Amino acid sequence: MPAPMPSGRAGSLESLRRLNRLRVIHALRDQGKISRADIARRTGLSRSTVSSLVADLQADGLVVERAEPGSAYGAQGGRPPILLSFDASAGAAVGIDFGHSHLRVAVSDLAGAILAEREQPLDTDHEAREGLDAAADLVDDTLADAGVERERVIGAGMGLPGPIRQADGVVGSSAILPGWIGVAAGAEMRARLDLPVMVDNDANLGALAEAAFGAGRDAVDLIYLKVSSGIGSGLILNGRLYRGSTGLAGELGHVLVDPDGLVCRCGNRGCLETLAATGALVELLRRSHGEEFTVASMLAAAREGDLGCRRVIADAGRAIGRAVATLLNVLNPELLVMGGDLAAAGDLLLDGIRESVGRAALPEAARTAEVVAGVLGERAQVLGSLALVVSEADRAFPTRLALESPAG
């Protein structure tokens, strides 16, 4: 009898399978009708992997086979080619994104097409209970906008700005929302929605979204860096999302960059967040630009040529590049995708990162890693939340179908 697979390796293989599942779904959604061979060509997956994933999707009722009548092959009396199509109407997914000061909810079909979306501000000092209650209400409103009955929803994905312990969905101590620390967020939201709920770090969800649908669709190894009020990274390694043993992988914002720097919210001194997070940058500029200055003001002024704003953003890029250089040396990814509020600064930020990476990283690691802006913008996290649900539809479907089945 073979020895059981180590749990870490089993989890990694499962993550890889989920990401590959999303890529197959994306190919089906893009093409409408497509053969297994064409899916393999579009995704770069082996035919055996595609066949296995398609079989899973068929078992879940998400994919149907259709012979293509009237084709040249079929007209000669041979077997017509078998094409696959995705039944996106088989259910719906809910995505919930908690930011530092916002809440966003979206409803999609199972191909990821958005059916409705809503956003509302949140008090940055809100308690978890307030945020969870607000999200539950916003989910109800968004489902109503989409015209989707709750019985059709297979699950909800939820993103939070901080480390998430995957075993129980508890929010870690370095979360940017202090009122959430120690809260079992998944269980709390599940109780409010009466749906399966999957929870993950916001940077991980951004990485998942960009890898499945965005700038990283062709990458096997990438780092997604979210720079907003906090700084975090999501790691896609060998095609799978890597979280680390306790969900702390990618906490780049708390890398030491200045031993004599400011005290960070984590209690250490000189973390990257104290130099490059948006709050730190705005605080520097308020001395010269007024107390009402905001992140949006800074980005707009930088685009219009304000020298002070351009300087602090470029300096932030160089600080980020120095921290990222170590990751590039260790992990050697092919792509660094920038997301979060500060990514809107474009090349002003990216050029600073490239400059420091060129100086601090090994030449081959720097040459290999292309630095680009994400293409999903502020919606990356909510799209990642939806992608998380679709990638685990095989887990959610039995729960939902059991609820729908008549007794006896």
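Numbers here are sequence positions counted from 1. Note that the structure is a prediction, hence the values are computed from the model and not measured.
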Can we say [X] and [Y] salt-bridge, meaning some charged N sits less than 4.0 Å from an Asp/Glu carboxylate O?
| X | Y | answer |
| --- | --- | --- |
| Arg310 | Asp306 | no |
| Lys226 | Glu378 | no |
| Glu117 | Arg379 | yes |
| Arg152 | Glu149 | no |

Between [Y] and [X], is there a side-chain heavy-atom distance shorter than 4.5 Å?
| X | Y | answer |
| --- | --- | --- |
| Glu251 | Asn201 | yes |
| Lys33 | Leu84 | no |
| Ile96 | Leu193 | yes |
| Val197 | Val199 | yes |
| Leu299 | Ile313 | yes |
| Arg269 | Asp258 | no |
| Arg118 | Thr142 | yes |
| His102 | Pro121 | no |

Fill in: Worked check of side chain to side chain contact (heavy atoms under 4.5 Å, CB included) between Thr294 and Met298
CA-CA 6 Å; Thr294 65; Met298 175 182 68; over 6 Å; no
Item to complete: Could you label the plane-to-plane angle of the His126 and Trp180 rings as parallel, tilted or perpendicular, counting under 30° as parallel and over 60° as perpendicular?
Response: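 Plane angle over 60°, so perpendicular.
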Using a 3.5 Å distance criterion without hydrogens, assess whether the side chain of [X] forms a donor-acceptor pair with backbone atoms of [Y].
| X | Y | value |
| --- | --- | --- |
| Gln58 | Val63 | no |
| Ser233 | Leu225 | no |
| Glu210 | Leu376 | yes |
| Asp109 | Ala113 | yes |
| Arg192 | Glu188 | yes |
| Thr278 | Ser228 | yes |
| Thr368 | Ala365 | no |
| Asp347 | Leu350 | no |
| Ser297 | Phe293 | no |

Any chance you could measure [X], atom [atom1], to [Y], atom [atom2], to the nearest 0.5 Å?
| X | Y | atom1 | atom2 | value |
| --- | --- | --- | --- | --- |
| Leu45 | Leu53 | CG | CG | 7.0 Å |
| Arg23 | Leu28 | CZ | CG | 14.5 Å |
| Cys309 | Glu304 | SG | CD | 9.5 Å |
| Arg165 | Arg243 | CZ | CZ | 15.0 Å |
| Leu138 | Arg104 | CG | CZ | 10.5 Å |
| Leu241 | Ile236 | CG | CD1 | 4.5 Å |

Worksheet entry | Stepwise side chain to side chain contact (heavy atoms under 4.5 Å, CB included) test for Arg36 and Glu65 | CA-CA 10 Å; Arg36 289 173 175 81; Glu65 289 186 344; 2.6 Å; yes
Worksheet item: Any side-chain donor paired with an acceptor under 3.5 Å for Ser52 and Thr49?
Response: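 Side-chain D/A pair, Ser52 to Thr49: absent.
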What is the minimum heavy-atom distance between [X] and [Y], and which atoms define it?
| X | Y | value |
| --- | --- | --- |
| Ser229 | Ala277 | O-CB, 3.6 Å |
| Ala380 | Ala209 | O-CB, 3.3 Å |
| Ala203 | Tyr224 | O-CD2, 3.4 Å |
| Ser385 | Gly159 | OG-N, 3.7 Å |
| Leu83 | Ser35 | CD2-N, 3.7 Å |
| Phe98 | Ala135 | CZ-CB, 3.5 Å |

For the [atom1] atom on [X], are there more than 12 heavy atoms of other groups (residues, nucleotides or ligands in this structure) within a distance under 6.0 Å?
| X | atom1 | value |
| --- | --- | --- |
| Arg129 | CZ | no |
| Arg217 | CZ | yes |
| Asp140 | CG | yes |

Discussion item. With side chain to side chain contact (heavy atoms under 4.5 Å, CB included) as the criterion, how do Ile114 and Ser108 come out once you've worked through the C-alpha distance, each side chain's angles and the decisive distance to 0.1 Å?
Written reply: CA-CA 4 Å; Ile114 302 298; Ser108 76; 4.3 Å; yes
Practice prompt. Dump the intermediate steps for side chain to side chain contact (heavy atoms under 4.5 Å, CB included) on Glu273 and His254, then the final yes or no.
Written response: CA-CA 7 Å; Glu273 280 190 8; His254 300 288; 3.8 Å; yes
Can you list, pair by pair, the side-chain donor-acceptor contacts under 3.5 Å of residues 323-345, counting residues two or more places apart and other chains?
from	atom 1	to	atom 2	distance (Å)
Asn329	OD1	Leu362	N	2.7
Glu334	OE2	Val220	N	2.9
Glu334	OE2	Asp221	N	3.1

